[in-house]
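Note sheet for the following structure.
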2 protein chains.
Amino acid sequence: MSDNLASKITDSELEVMKLLWCAKDALPVTAIREQLQESKGWEPATIKTLISRLVSKGAVLQEKRNVYYYSPAITEKEYSSWATKDLITRIFNGKASDLIASLVNSDGLSQEDIAELRDMFKVEE
Amino acid sequence: MSDNLASKITDSELEVMKLLWCAKDALPVTAIREQLQESKGWEPATIKTLISRLVSKGAVLQEKRNVYYYSPAITEKEYSSWATKDLITRIFNGKASDLIASLVNSDGLSQEDIAELRDMFKVEE
DNA sequence: TCGCTTAAGCTACAATTGTAAACTGTTATT
DNA sequence: AATAACAGTTTACAATTGTAGCTTAAGCGA
């Protein structure tokens with residue numbers, strides 16, 4: 001994913017992306033509005049603005065039917081792995097293992113997390 | 001670290017923080033300026049603004065001597081572990097292991113990283 | 001067919017951020 | 001002492017972000 005795509009997804013916009021990622025198919029504004037209006041307390045106009053901005057920046061595709069249907073142009077995995085790499089670059093001087101070390105040394109991991117990780121790296125072997 | 005501290009350190013401000021974290025002692029503006037002016041191409045005025053904003057938001061302390069000397073009010077570890085948790089909350093729905101899984105599955109880790117991690121979780125045992 | 005609802009597009013506006021100049025007072029140098 | 005240089009403070013200004021209203025046109029129910 002290019003820097004000028006994901007880097008520009010803001011916090012509010014991300015809420016819209018999350019919704020679209022959950023949906024199996026493209027959604028009309030109505031469906032998006034229904035969910036975000038309650039969960040986020042946003043006005044319809046706000047939601048429309050966020051969608052428009054996401055379309056402009058190429059993070060969401062629109063497909064013309066009766067009304068427009070919207071779907072993500074990038075997958076959640078693409079985005080999250082981009083965001084992770086971005087964090088590593090900006091904060092951990094490019095060292096991924098420093099990120100994980102930081103997690104391990106700062107009660108950032110639950111017991112289950114640690115168990116999962118142990119498995120993960122056992123299997124790798 | 002409280003949310004309203006670290007969350008507000010912006011990208012440009014972070015460059016100043018990094019410099020202060022590297023320094024063993026508090027630094028006067030002169031020293032900060034010398035390093036950032038060249039590496040970042042910032043005007044002295046820009047650097048002063050960033051320092052002021054960091055002081056206002058409590059991320060940097062100033063100590064009056066002849067001129068002010070500036071030092072970080074939060075450690076790099078505090079900040080980076082806050083930033084990591086923030087990423088996990090915002091993007092990985094609070095699951096730290098999802099972050100690591102994403103790293104593992106997206107060529108985000110070098111061979112050395114993986115070796116280090118294997119050690120990390122071997123030792124944990 | 002006539003409104004009502006609402007999608008789509010345009011405009012708005014305050015807060016934050018990136019970047020920096022202007023002003024003011026102090027210090028160091030000649 | 002006069003001046004240059006610069007720290008500290010205030011102000012500036014455009015771009016981005018969060019939040020939302022207004023207008024226009026179209027579809028849907030009575």
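The sequence lines fix the lettering, A, B, ..., with proteins before strands; numbering per chain opens at 1.
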Problem set entry | Given DNA chain D, 5'-ward residue of the pair E13(A) and A45(A), judged by closest heavy atom |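 Final value for this comparison: E13(A).
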
Exercise. Would you call E116(B) and R118(B) a salt bridge, using N to O less than 4.0 angstrom?
Worked result: no

Among [options], find the nucleotide with the atom closest to the side chain of [X].
X: K57(A); options: dT9(D), dT17(D), dC6(D); value: dT17(D)
X: T10(A); options: dT17(C), dT17(D), dT6(C); value: dT17(D)
X: W42(A); options: dT19(D), dA7(D), dA7(C); value: dT19(D)
X: S12(B); options: dT19(C), dG9(C), dT19(D); value: dT19(C)

When we call it a touch if two heavy atoms are under 4.0 Å apart, what does [X] touch: a base, just sugar-phosphate, or nothing?
X: T49(A); result: base
X: R65(A); result: nothing
X: Y70(B); result: sugar-phosphate
X: T46(A); result: base

To the nearest Å, give me how far apart [atom1] ([X]) and [atom2] ([N]) are.
X: K40(B); N: dA20(C); atom1: NZ; atom2: P; result: 13 Å
X: K8(B); N: dT17(C); atom1: NZ; atom2: P; result: 7 Å
X: L54(A); N: dG18(D); atom1: CG; atom2: C1'; result: 13 Å
X: K64(A); N: dA8(C); atom1: NZ; atom2: C1'; result: 8 Å
X: N66(A); N: dT6(C); atom1: CG; atom2: C1'; result: 13 Å
X: I51(B); N: dG18(C); atom1: CD1; atom2: P; result: 15 Å
X: E43(A); N: dT6(C); atom1: CD; atom2: P; result: 13 Å
X: E34(B); N: dA5(D); atom1: CD; atom2: C1'; result: 14 Å

For this session: Indicate, yes or no, whether a donor-acceptor pair under 3.5 Å links the base of dT19(C) to the side chain of R53(B).
Result: yes

For this session: Give a yes-or-no answer on whether the side chains of S110(B) and D113(B) include a donor-acceptor pair shorter than 3.5 Å.
Result: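 Present: a donor and an acceptor within the cut-off.
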
Problem set entry | Ring-face cation of K64(A) near Y68(A) (centre distance under 6.0 Å, axis angle within 45°) |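 Flagged: K64(A) positioned over aromatic ring of Y68(A).
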
Problem set entry | Residue pairs passing the ring-ring contact (aromatic ring centres under 6.0 Å, His included) test where at least one lies in residues 18-50 of chain B, sequence neighbours excluded |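 Listed by first then second residue: W21(B)-Y79(B).
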
Exercise. Any side-chain N or O of R33(B) under 4.0 Å from OP1/OP2 of dC6(D)?
Worked result: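 The answer is no; no side-chain N or O of R33(B) sits under 4.0 Å from OP1 or OP2.
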
Exercise. In terms of hydrophobic clusters joined by side-chain contacts under 4.5 Å, are Y69(A) and I51(A) together?
Worked result: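 Shared cluster, no.
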
